[in-house]
Amino acid sequence: MLAVRGWSQHWAEARSIAAALARQGDQQPLLDFIDRSLVDDDAAEAANLNYWAYWLGAAHGPQTDDGFMLDRRLTDWDPLTLLRLLVQGLDEAPTYVELYAHSLWALFTACPWLPQAAPTLAAGLHERTERILDGGGVSARSRQELGAVTYRLREYGN
């Protein structure tokens with residue numbers, strides 16, 4: 001199940017298993033999930049952002065099944081709220097820094113205007129990403145994605 005590529009009916013379950021294993025100290029399944037089940041798959045990237053929005057409380061309402069994750073319009077949640085919650089998670093849930101890094105990159109890819117809409121939040125994120133990049137300890141993919149986030153933040157003066 002963890003070897004699933006891109007979006008599938010088992011995507012949410014694979015994500016949950018990978019996150020649970022990371023919480024128990026095994027980061028590799030989470031890294032593999034990101035590489036296999038998120039990267040280069042628009043449906044899976046949308047599912048990831050929709051899942052985060054629902055899980056963290058940025059979604060506009062309850063969902064009765066996993067179908068909401070397939071909505072590529074990304075309109076059922078507030079991007080600023082999701083950004084704030086993901087930034088908060090970088091500090092509160094270091095076990096998932098790889099998933100947070102990828103999700104922040106995906107959010108800025110989908111909503112490139114976010115740094116302009118929330119300059120104070122963007123400045124705080126810039127500090128956090130610099131600290132993570134300076135500290136090492138993240139994968140090459142996360143370094144690249146956080147580098148892209150940092151570049152976007154600098155582009156808007158943060």
Side-chain angles (χ1 to χ4, degrees), residues 1-2 4 6-27 29-31 33-39 41-132 138-139 141-142 145-146 148-150 152-153 156 158:
M1 176 168 320
L2 289 177
V4 68
W7 172 260
S8 81
Q9 63 189 22
H10 302 291
W11 185 90
E13 189 175 355
R15 185 186 191 280
S16 295
I17 291 169
L21 291 169
R23 192 171 42 255
Q24 294 175 359
D26 185 0
Q27 288 290 313
L30 185 58
L31 294 169
F33 173 80
I34 295 167
D35 288 339
R36 289 187 190 125
S37 301
L38 290 178
V39 176
D41 185 299
D42 291 343
E45 294 288 8
N48 183 53
L49 291 175
N50 289 328
Y51 184 95
W52 271 122
Y54 179 71
W55 184 255
L56 295 176
H60 294 302
Q63 303 296 329
T64 57
D65 60 38
D66 289 347
F68 76 96
M69 290 188 285
L70 294 174
D71 183 2
R72 292 189 193 186
R73 295 171 299 148
L74 306 177
T75 57
D76 288 338
W77 44 269
D78 177 46
L80 286 171
T81 301
L82 182 56
L83 175 61
R84 181 179 48 78
L85 294 167
L86 288 172
V87 169
Q88 182 180 333
L90 274 176
D91 287 332
E92 293 179 359
T95 300
Y96 307 116
V97 68
E98 301 281 341
L99 188 55
Y100 277 101
H102 181 78
S103 300
L104 284 163
W105 170 83
L107 182 60
F108 277 108
T109 300
C111 305
W113 50 266
L114 281 170
Q116 289 177 302
T120 304
L121 182 58
L125 175 58
H126 187 249
E127 291 175 21
R128 285 179 178 89
T129 57
E130 289 289 335
R131 190 174 61 239
I132 292 167
V138 294
S139 69
R141 182 196 25 76
S142 285
E145 291 171 346
L146 287 174
V149 167
T150 299
R152 176 68 47 93
L153 294 169
Y156 291 103
N158 295 301

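Each residue takes its place number in the sequence, starting with 1. Here the structure is a predicted model, which means the values were calculated and not measured.
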> When rounded to the nearest 0.5 angstrom, what distance separates OG in S139 from CD in E145?
Replying inline: 7.5 Å

> After noting the C-alpha distance and the side-chain angles of L82 and L56, does the key distance pass the side chain to side chain contact (heavy atoms under 4.5 Å, CB included) rule?
Replying inline: CA-CA 7 Å; L82 182 56; L56 295 176; 4.1 Å; yes

> Looking at CG of L38 and CG of L99, how far apart are the two atoms once the value is rounded to the nearest 0.5 Å?
Replying inline: 7.0 Å

> Is it true that R84 and D78 make a salt bridge, defined as a side-chain N closer than 4.0 Å to a carboxylate O?
Replying inline: no

> For the atom pair OG (S142) and CD1 (I132), what is the distance rounded to the nearest 0.5 Å?
Replying inline: 9.0 Å

> Where do L104 and L83 land on the side chain to side chain contact (heavy atoms under 4.5 Å, CB included) test, with the steps shown first?
Replying inline: CA-CA 7 Å; L104 284 163; L83 175 61; 3.8 Å; yes

>> Could you check whether any side-chain N or O of R152 sits under 3.5 Å from a backbone N or O of F108, counting only pairs where one atom can act as donor and the other as acceptor?
In response: yes

> Which pair of non-hydrogen atoms, one from L107 and one from P79, has the smallest distance, and what is that distance?
Replying inline: CD2-O, 4.1 Å

>> Once rounded to the nearest 0.5 Å, what's the spacing between atom NE2 of H60 and atom OG1 of T75?
In response: 7.5 Å

> Looking only at heavy atoms, what is the nearest atom pair of L121 and L80, with distance?
Replying inline: CD2-O, 4.3 Å

> Which distance, rounded to the nearest 0.5 Å, do you find between the CD1 of I17 and the CZ of F33?
Replying inline: 10.0 Å

> Sub-3.5 Å donor-acceptor pair from the side chain of T129 to the main-chain atoms of H126, do we have one?
Replying inline: yes

> So Y51 and W11, would you call those rings parallel, tilted or perpendicular, with 30° and 60° as cut-offs?
Replying inline: perpendicular

> When you look at R128 and R131, which way does the side chain to side chain contact (heavy atoms under 4.5 Å, CB included) test go after all the steps?
Replying inline: CA-CA 5 Å; R128 285 179 178 89; R131 190 174 61 239; 3.6 Å; yes

>> Tell me the closest heavy-atom pair linking Y54 and P62, and the distance in Å.
In response: CE1-CA, 4.2 Å

>> So which atom in A44 and which in G6 form the shortest heavy-atom distance, rounded to 0.1 Å?
In response: CB-C, 4.1 Å

>> Quick check: closest heavy atoms across L86 and Y100, and the distance to 0.1 Å?
In response: O-CD2, 3.4 Å

> Got a donor-acceptor contact below 3.5 angstrom from the E45 side chain to the R72 backbone?
Replying inline: no

> How far apart are the closest heavy atoms of R141 and L31, and which atoms are they?
Replying inline: NH2-CD2, 3.7 Å

>> Under the criterion side chain to side chain contact (heavy atoms under 4.5 Å, CB included), I'd like the reasoning laid out for N48 against S103: C-alpha separation, chi angles, the key distance, then a yes or no.
In response: CA-CA 7 Å; N48 183 53; S103 300; 2.8 Å; yes

>> Within a 6.0 Å radius of atom CH2 on W55, are there more than 12 heavy atoms belonging to other residues, nucleotides or ligands?
In response: no

>> If I take atom CH2 from residue W105 and atom CG from residue L146, how far apart are they, to the nearest 0.5 angstrom?
In response: 12.0 Å

>> Please check: side-chain N/O of D71 versus main-chain N/O of N50, any donor-acceptor pairing under 3.5 Å?
In response: no

